[in-house]
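One structure is given here, and the rest of the page talks about it.
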Amino acid sequence: MIKKFIDKLLGKASGAKSSKTSKFGKREDVPVSVHGIDRSLVDQRALDVVHTLKQAGFEAYIVGGAVRDLLLGLRPKDFDVATSATPEQVKSLFRRAFIIGRRFRIVHVVYGRGREHEMIEVSTFRAYLDSADAEQVSGNERTSKGELASMKHAVDASGRVLRDNVWGPIEQDAARRDFSINAMYYDPESQVVVDFHNGIRDAKKLTLRMIGDAATRYREDPVRIIRAVRFAAKLSGLGFKFDAKTLAPLASSHKLLADVPQSRLFDEMLKLLQTGHSLASVEQLRALGLNTGIYPLLDVVVERADDPFVKLALQDTDRRVGENKPVAPSFLLACVLWADVRKGWSQRLQPRGNQRPPPAFGALQDAVDEVFESRIGDVSGRGKLGADMREIWMMQPRFDKRVGTSPFSLVDQARFRAGFDFLRLRAQVGEIEEELAHWWETFQNASDEIREDMVDAQRKVNQPKGGAGGARRVKRSDADHPASATEPDTRFRTAGEADNDEDGDDDNAPAEAGASADGTAPAKKRRRRRRKPGGAGGAAGQGGATEGSGD
């Protein structure tokens with residue numbers, strides 16, 4: 001206290017001011033001759049958003065990971081824009097713009113429809129506020145919803161930020177971002193990069209460094225722990241590594257994630273697995289000691305990542321992202337949990353005592369319900385996601401039926417491709433025959449005429465073949481029917497047989513007197529023979545000779 005007073009008397013108060021300013025960094029405008037960003041890699045829609053905002057008199061820059069990727073010579077998949085305009089002002093400038101979020105209010109500017117749909121996320125520069133100055137609530141987002149409605153800056157008891165909607169200048173916005181390589185601002189019109197925290201230097205040194213005190217930043221928003229893993233996984237192939245001060249509190253801070261809403265953790269898990277670096281993310285989680293405790297489903301993914309089927313699914317997801325093809329979380333999660341479904345299904349199909357096994361579809365449905373109950377938890381309430389997972393699983397036994405109208409109706413279902421891709425992975429790991437997957441691959445791409453031929457050919461393959469497999473019903477028109485036999489059949493008695501012989505004498509004894517000259521007897525009614533005890537004549541129904549026939 002005395003030192004501060006003396007410094008003030010001696011005119012040294014400026015030192016305190018410079019210290020306060022230093023946490024906002026030092027602005028440096030880096031020209032294209034230094035940063036070397038190729039403007040042609042910037043999406044035209046992002047250029048339009050920046051131009052529209054600047055034309056309206058606001059500051060506007062491409063910001064975040066897009067600038068980082070551009071600096072590294074990569075084509076960004078997503079573009080975010082930061083501006084001095086408020087969310088309401090941004091919304092008024094674009095025909096299709098929507099304000100979303102409570103914790104951070106941002107604007108989604110939408111271009112196109114359907115598969116051509118593209119969204120540019122626009123955020124307003126935020127003020128850097130000390131968590132000690134924020135309003136504090138005792139609960140969380142749900143329990144304190146009413147209390148938070150009127151707050152712009154609020155934290156919970158652990159210091160986690162629940163509201164952060166106070167607008168400020170660009171230098172304060174940069175200070176509240178997480179990593180230095182994500183805190184650069186690019187103006188595509190002047191081609192200048194605005195850098196406050198040596199992001200360009202860290203990018204060249206291949207360093208992941210948290211702005212400010214890392215432990216404090218993790219406490220403010222524990223999801224930064226998962227983001228750190230994601231960035232490390234994405235950039236590990238380029239040689240990026242954590243700064244020592246950023247890495248030190250990372251693992252020990254993961255307990256803070258217990259206070260984060262499950263829905264937000266689920267979304268962050270999907271970002272880990274669906275940004276094209278899922279296998280690298282699993283490796284980072286293991287290396288950092290974060291393989292358990294972040295989110296229950298993520299724990300299962302890490303645990304089963306070496307399983308051939310799950311590993312193949314992760315590789316397939318990374319490949320599709322790399323080829324700019326769409327990926328669905330329902331497909332990947334269905335692959336991860338298939339082992340549980342398959343085990344429950346197999347157990348239910350086993351006969352119990354004298355009971356007949358249940359129908360395959362019913363057994364599978366029960367197994368799916370059990371997995372949803374034990375593994376998926378609140379995801380079961382996510383409507384379409386849960387429905388798609390169920391449909392992928394329930395489609396699998398239907399692939400076994402390749403006759404009739406079933407193949408035609410199955411291939412027309414909206415989720416057929418996801419179900420088939422699942423079947424294809426099962427074939428690749430040897431769970432089913434490759435021939436089945438190949439048949440469906442051909443069928444779905446064939447014309448109607450070829451499909452009919454394939455179904456007819458499969459019907460012939462499924463027909464039972466002759467042999468000792470079982471009894472065959474003999475028709476009167478068949479060549480082996482007794483009526484067309486040239487030799488006397490022992491199952492039919494002639495007039496020369498002793499019809500009234502009921503004492504066990506030989507049935508093939510010579511005919512009685514009175515037979516005609518040609519050896520045949522006049523037709524007369526046959527009497528039913530008395531069955532011997534024990535059903536001695538019962539074998540006739542199996543196509544063999546009758547007992548007591550004299551053979």
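Note that the structure is predicted; figures quoted are calculated from it, not measured.
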Answer yes or no: is there a donor N or O on one side and an acceptor on the other, between the side chain of [X] and the main chain of [Y], under 3.5 Å?
| X | Y | answer |
| --- | --- | --- |
| Asn198 | Arg201 | no |
| Arg105 | Thr124 | no |
| Asp187 | Val192 | no |
| Arg27 | Glu171 | no |
| Thr246 | Phe242 | no |
| Arg209 | His197 | yes |
| Thr317 | Gln274 | no |
| Gln191 | Pro188 | no |
| Arg304 | Val336 | yes |
| Trp393 | Trp338 | no |

Does the side chain of [Y] come within less than 4.5 Å of [X]'s, by heavy atoms?
| X | Y | answer |
| --- | --- | --- |
| Leu257 | Val260 | yes |
| Tyr295 | Gln262 | yes |
| Met184 | Leu71 | yes |
| Tyr61 | Val50 | no |

Checklist entry - Going through the distances and angles, do Asp48 and Gln44 end up as a side chain to side chain donor-acceptor pair (under 3.5 Å)? => result CA-CA 6 Å; Asp48 291 342; Gln44 183 60 46; 3.0 Å; yes

Next on the checklist: Applying salt bridge (Lys or Arg N to Asp or Glu O under 4.0 Å) to Arg176 and Glu220, what does each step give before you reach the verdict?
Outcome noted: CA-CA 10 Å; Arg176 57 165 295 281; Glu220 290 173 348; over 6 Å; no

Next on the checklist: Would Asp43 and Arg45 count as a salt bridge (Lys or Arg N to Asp or Glu O under 4.0 Å) here? Give the steps.
Outcome noted: CA-CA 5 Å; Asp43 189 285; Arg45 287 160 286 205; 3.1 Å; yes

Salt bridge check, [Y] against [X]: does any charged N sit closer than 4.0 Å to a carboxylate O?
| X | Y | answer |
| --- | --- | --- |
| Arg264 | Asp221 | yes |
| Glu268 | Lys271 | yes |
| Arg375 | Asp299 | no |
| Asp421 | Arg417 | yes |

Quiz question: by atom type and distance under 3.5 Å, do the side chains of [X] and [Y] form a donor-acceptor pair?
| X | Y | answer |
| --- | --- | --- |
| Asp173 | Tyr185 | yes |
| Arg319 | Gln315 | no |
| Ser180 | Asp202 | yes |

Going from [atom1] on [X] to [atom2] on [Y], what distance comes out if it is rounded to the nearest 0.5 angstrom?
| X | Y | atom1 | atom2 | value |
| --- | --- | --- | --- | --- |
| Met269 | Arg230 | CE | CZ | 13.0 Å |
| Leu74 | Asp38 | CG | CG | 12.0 Å |
| Arg390 | Asp388 | CZ | CG | 11.5 Å |
| Phe416 | Leu423 | CZ | CG | 8.5 Å |
| Phe331 | Leu425 | CZ | CG | 4.5 Å |
| His254 | Asn291 | NE2 | CG | 9.5 Å |

Item to check | Nearest heavy-atom neighbours spanning Phe196 and Ala174 | outcome: CD1-CB, 3.6 Å

Item to check | Between Trp167 and Phe125, ring centroids under 6.0 Å | outcome: no

Checklist entry - With Gln396, which residues qualify under side chain to side chain donor-acceptor pair (under 3.5 Å), at least two apart? => result Arg426

Checklist entry - Can you list the residues that meet the side chain to side chain donor-acceptor pair (under 3.5 Å) rule with Ser278, with sequence neighbours excluded? => result Asp318

Item to check | Candidate pair Glu189 and Lys54, rule salt bridge (Lys or Arg N to Asp or Glu O under 4.0 Å), full reasoning | outcome: CA-CA 10 Å; Glu189 295 188 347; Lys54 293 185 72 175; 3.5 Å; yes

Next on the checklist: Could you go through Arg39 and Tyr186, starting from their C-alpha distance and side-chain angles, then the distance that decides it, and tell me whether this counts as side chain to side chain contact (heavy atoms under 4.5 Å, CB included)?
Outcome noted: CA-CA 10 Å; Arg39 188 176 180 273; Tyr186 176 57; 3.9 Å; yes

Item to check | Pairs involving residues 58-84, ordered by first then second residue, that meet salt bridge (Lys or Arg N to Asp or Glu O under 4.0 Å) (sequence neighbours left out) | outcome: Asp69-Lys234

Item to check | Worked check of side chain to side chain contact (heavy atoms under 4.5 Å, CB included) between Lys91 and Phe98 | outcome: CA-CA 7 Å; Lys91 187 177 187 301; Phe98 309 92; 5.7 Å; no

Item to check | Worked check of salt bridge (Lys or Arg N to Asp or Glu O under 4.0 Å) between Arg227 and Asp178 | outcome: CA-CA 9 Å; Arg227 284 168 57 83; Asp178 44 22; 2.6 Å; yes

